[in-house]
Number of protein chains: 2
Amino acid sequence: MAELDSPEEAGLVAQWRDLLARHARTACLLDRELGEKHGLGMSEFEVLERLVEGCESGDKGLRVQELAPTVHLSQSALSRLIGRLEKAGLVTRAMCAADRRGIQVALTEEGRRCYAEARALHREVLSLTLAEEP
Amino acid sequence: MAELDSPEEAGLVAQWRDLLARHARTACLLDRELGEKHGLGMSEFEVLERLVEGCESGDKGLRVQELAPTVHLSQSALSRLIGRLEKAGLVTRAMCAADRRGIQVALTEEGRRCYAEARALHREVLSLTLAEEP
DNA sequence: AGACACTACATGCACATGCATCCAATGCAA
DNA sequence: TTGCATTGGATGCATGTGCATGTAGTGTCT
């Protein structure tokens with residue numbers, strides 16, 4: 001029975017611990033800052049960003065499935081996240097004409113504005129936390 | 001108002017997205033595999049590992065505070081995590097003689113065994129998920 | 001000793017998440 | 001067309017998390 005890690009395994013473990021530390025620092029600070037100052041969670045922001053990237057101003061929006069790869073969440077969690085954004089007035093849900101099972105999620109003006117306001121803070125947090133070494 | 005990211009910002013965002021993807025892949029698979037085959041979550045495993053590293057066989061164990069830096073959890077979440085490990089028979093909680101506010105957390109034989117059994121799977125998952133590029 | 005601030009951990013509560021399941025719409029086969 | 005498997009998304013439920021708070025023990029100052 002292996003009681004000690006091989007050098008390769010030790011490297012993997014070190015890499016994983018570093019990743020965990022960076023992720024925790026960044027995610028925690030992002031959630032706190034975006035939450036306090038813009039009422040957004042980290043994943044909410046990611047979804048808004050994907051919507052901004054994925055559709056022009058007059059566009060119908062994106063399907064829920066197209067948003068899924070962006071946020072690393074289960075389908076149910078994404079569904080509820082969109083529900084929160086909708087309740088906050090940042091996106092609209094509309095039936096998809098082509099496939100009436102699908103839902104088109106589109107940014108509202110308020111959503112666009114909220115994203116634009118939060119963006120600088122988001123980048124600022126990244127530059128703070130991703131730079132540190134430990 | 002900046003509508004586009006500067007090159008430095010774009011680099012940070014790309015780095016962050018890569019980190020998020022790696023973290024999600026690895027954490028999700030670790031939770032699933034360790035959960036199915038050993039009844040452990042990712043953080044439970046990390047705590048067991050810290051206990052193995054931090055105390056010899058006959059040792060009294062570690063203070064809760066000494067475990068905190070390892071798992072990136074709030075104090076309350078860590079307290080409950082230890083509660084779960086205790087209920088599962090993998091660790092014991094004992095009053096700390098020197099400072100009776102403190103709690104000594106020590107591995108049981110069962111805990112040591114469980115960790116030893118889960119270790120290979122843990123390393124295997126890391127080597128799988130940390131290697132991939134996307 | 002007595003009062004008070006502080007520390008270590010536990011707990012009530014609100015909330016986000018994943019899993020399983022449900023429902024409606026679609027597509028395909030007979 | 002009818003029947004049935006599949007897909008897109010929503011929802012009930014159990015659980016894990018953070019925040020705020022509670023409780024007990026410690027240290028300090030007078």
**Asked** So, A:Asp31 side chain and A:Gly41 main chain: donor-acceptor pair closer than 3.5 Å or not?
**Response** no
**Request:** Can you figure out which of D:dA10, D:dT26, C:dA10 approaches the side chain of B:Arg93 most closely?
**Result:** C:dA10
**Item:** Atom-pair distance (CZ on A:Arg63; P on C:dA25), nearest Å
**Value:** 14 Å
Show me the protein contacts with nucleotides 14-17 of chain D, counting only N or O atoms at under 3.5 Å.
{"from": "D:dT17", "atom 1": "OP2", "to": "B:Arg84", "atom 2": "NH2", "distance (Å)": "2.9"}

**Asked** Ion pair present between A:Glu36 and A:Arg32, side-chain N to carboxylate O less than 4.0 angstrom?
**Response** no
**Item:** Check: B:Glu8/B:Ser6 side-chain N/O donor and acceptor closer than 3.5 Å
**Value:** yes
**Prompt:** Is B:Arg119 paired with B:Glu46 through a side-chain N to carboxylate O contact shorter than 4.0 Å?
**Reply:** no
**Request:** Please state whether the phosphate of D:dC19, meaning OP1 or OP2, lies under 4.0 angstrom from any side-chain nitrogen or oxygen of A:Arg32.
**Result:** yes
**Asked** Is it true that a side-chain atom of B:Thr26 and a backbone atom of B:His23 form a donor plus acceptor pair closer than 3.5 Å?
**Response** no
**Complete:** Here the distance between atom P of C:dA5 and atom CZ of B:Arg101, to the nearest Å, is 16 Å
**Message:** Expressed as a whole number of angstroms, how long is the span from B:Leu78:CG to C:dA10:P?
**Reply:** 9 Å
**Item:** A:Lys87 NZ to C:dA16 C1', straight-line distance once rounded to whole Å
**Value:** 12 Å
**Message:** Using a 4.0 Å heavy-atom cut-off, does B:Gln65 contact any base of the nucleic acid, only the sugar-phosphate backbone, or nothing at all?
**Reply:** sugar-phosphate
**Salt-bridge contact B:Arg123-A:Glu9 (side-chain N to carboxylate O under 4.0 Å)** = no
**Asked** Does a side-chain N or O from A:Ser79 land closer than 4.0 Å to OP1 or OP2 of D:dA10, or not?
**Response** yes
**Request:** Take atom CE of B:Met42 and atom C1' of C:dG18, then tell me their distance rounded to the nearest Å.
**Result:** 15 Å
**Rounded interatomic separation in angstrom, taking CG from B:Asp99 and P from D:dT26** = 6 Å
**Fill in**
note: B:Met95, atom CE; C:dA10, atom P; distance rounded to Å ~ 13 Å
**Whether A:Glu66 side chain and A:Arg63 backbone form a donor-acceptor pair below 3.5 Å** = yes
**Prompt:** Roughly, in whole Å, what's the span from CG in B:Leu67 to P in C:dC9?
**Reply:** 9 Å
**Asked** Between the base of D:dA10 and the side chain of A:Gln75, is there a donor-acceptor distance below 3.5 Å?
**Response** yes
